[in-house]
Amino acid sequence: MAQHTPTEFDFANVKEHFHALFESVRELVAVFDVNGTLQFVNHAVWDVLGRTPMEVTGKAIVDLIHEDDFDLFRAVLSRLNAKLENRVNIRCRLRSGDGGWRWFDAEARRLLPDEDVGIVVSLLDITDLQRMEAERQVIFEVIHALNETSNLDQLLQHIHQALKK
């Protein structure tokens, strides 16, 4: 039986290897500076948000993140910058190229040694999952109203409330 010898890693091409690896992942990966400005994103930003890397690089997160999630993201940056935590997970929404919102599970980590640019965020698109969870909640509330309400007007009011969310 022939022995398999591992190939020697070509350190001369480490930048090319890193770039190929970075671009091959399906998740959106971004590098932020301490102020929340995007310094670099992989090409998954096109598949996930319908934007080119050039469209978002150099933009502040406030231009992309939902206003209800901005304070949470700012707190994450603060905790990472103060080195209070090494890794933080959040759920947030980002604006897509068509103006809609996509949901993400995001993991932010302080990985790079540069004090000004060093926060790496990996974002997994969970928009479909979030939509299914919301639909399941509406169905649950409608079934609950059907079981608890005998008055048709009250039932319709409960259904209307469930659908408004």
Side-chain angles (χ1 to χ4, degrees), residues 14-145 158-165:
V14 72
K15 186 175 180 181
E16 289 81 11
H17 290 289
F18 171 75
H19 184 73
L21 177 65
F22 193 70
E23 293 301 337
S24 71
V25 296
R26 292 182 354 196
E27 291 85 14
L28 195 155
V29 180
V31 177
F32 289 90
D33 68 11
V34 293
N35 299 313
T37 302
L38 279 159
Q39 300 298 310
F40 186 80
V41 293
N42 64 345
H43 280 84
V45 74
W46 175 254
D47 297 330
V48 176
L49 290 178
R51 295 173 176 242
T52 66
M54 294 305 293
E55 284 179 84
V56 296
T57 301
K59 289 201 181 273
I61 191 64
V62 71
D63 296 335
L64 299 173
I65 200 164
H66 193 279
E67 63 184 27
D68 292 345
D69 302 329
F70 182 69
D71 288 339
L72 176 63
F73 200 83
R74 180 59 74 187
V76 166
L77 289 177
S78 257
R79 291 193 324 246
L80 290 170
N81 286 331
K83 297 181 181 165
L84 299 174
E85 295 183 59
N86 189 34
R87 175 190 310 182
V88 180
N89 293 297
I90 63 169
R91 185 166 283 187
C92 62
R93 290 160 284 186
L94 296 178
R95 184 180 302 280
S96 64
D98 65 6
W101 296 100
R102 306 229 24 114
W103 281 93
F104 293 90
D105 273 343
E107 179 177 279
R109 298 180 78 181
R110 189 151 193 58
L111 294 174
L112 302 174
D114 188 331
E115 290 299 315
D116 295 326
V117 179
I119 297 170
V120 177
V121 182
S122 173
L123 299 126
L124 179 62
D125 187 355
I126 59 159
T127 303
D128 293 336
L129 175 63
Q130 192 74 15
R131 188 175 297 122
M132 285 188 298
E133 287 177 4
E135 289 169 0
R136 183 187 52 79
Q137 182 63 33
V138 167
I139 291 168
F140 171 79
E141 290 176 18
V142 169
I143 290 171
H144 181 73
H158 285 299
I159 291 172
H160 180 71
Q161 281 298 106
L163 292 173
K164 277 178 53 176
K165 293 179 183 178

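Note that these values count all heavy atoms, side chains included, but never hydrogens, waters or copies made by symmetry.
- Note that CD1 of I139 and CD of Q137 are 10.5 Å apart. Values are rounded to the nearest 0.5 Å.
- Judged as a side-chain hydrogen bond (donor to acceptor under 3.5 Å, both in side chains), and not counting sequence neighbours, R26 has no contacts.
- With C92 as reference, I65 is the one residue of I65, L64, I61, V121 to meet the side chain to side chain contact (heavy atoms under 4.5 Å, CB included) rule.
- The CG atom of D69 sits 11.5 Å away from the CZ atom of F104 when rounded to the nearest 0.5 Å.
- Only one option out of V88, L77, V120, V34 pairs with R110 in a side chain to side chain contact (heavy atoms under 4.5 Å, CB included); it is V34.
- A distance of 8.0 Å separates CZ of R95 from NE2 of H66, quoted to the nearest 0.5 Å.
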Do T37 and N35 pass the side chain to side chain donor-acceptor pair (under 3.5 Å) test, and can you show the C-alpha distance, the side-chain angles, and the key distance before you say yes or no?
-> CA-CA 6 Å; T37 302; N35 299 313; 5.6 Å; no

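- Expressed to the nearest 0.5 Å, how far CG of L80 lies from CD1 of I119 amounts to 5.0 Å.
- Legend: residues meeting side-chain hydrogen bond (donor to acceptor under 3.5 Å, both in side chains) with R91, ordered by chain and number and at least two apart, are D105, Q130.
- Proximity of F73 to L94: side-chain heavy atoms (C-beta onward) are nowhere separated by under 4.5 Å.
- Nearest approach of N42 to E27, heavy atoms of both residues: ND2-O, 3.0 Å.
- Under the 3.5 Å distance criterion, with hydrogens and angles disregarded, a donor-acceptor pair is assigned to the side chains of D125 and T127.
- The heavy-atom pair separating Q39 from T57 by the smallest distance is O-CG2, 3.4 Å.
- Every pair tested for salt bridge (Lys or Arg N to Asp or Glu O under 4.0 Å) that includes a residue from residues 44-63 fails, sequence neighbours excluded, so the list is empty.
- Heavy atoms only, all atoms of each residue included: P53 and V45 are closest at N-CG1, 3.7 Å.
- Heavy-atom minimum distance, V41 versus E23: O-OE2, 4.4 Å.
- Contact annotation: the side chain of L38 approaches that of F32 to within less than 4.5 Å [non-hydrogen atoms, C-beta and beyond].
- The CZ atom of R74 sits 13.5 Å away from atom CZ of R79, with the distance rounded to the nearest 0.5 Å.
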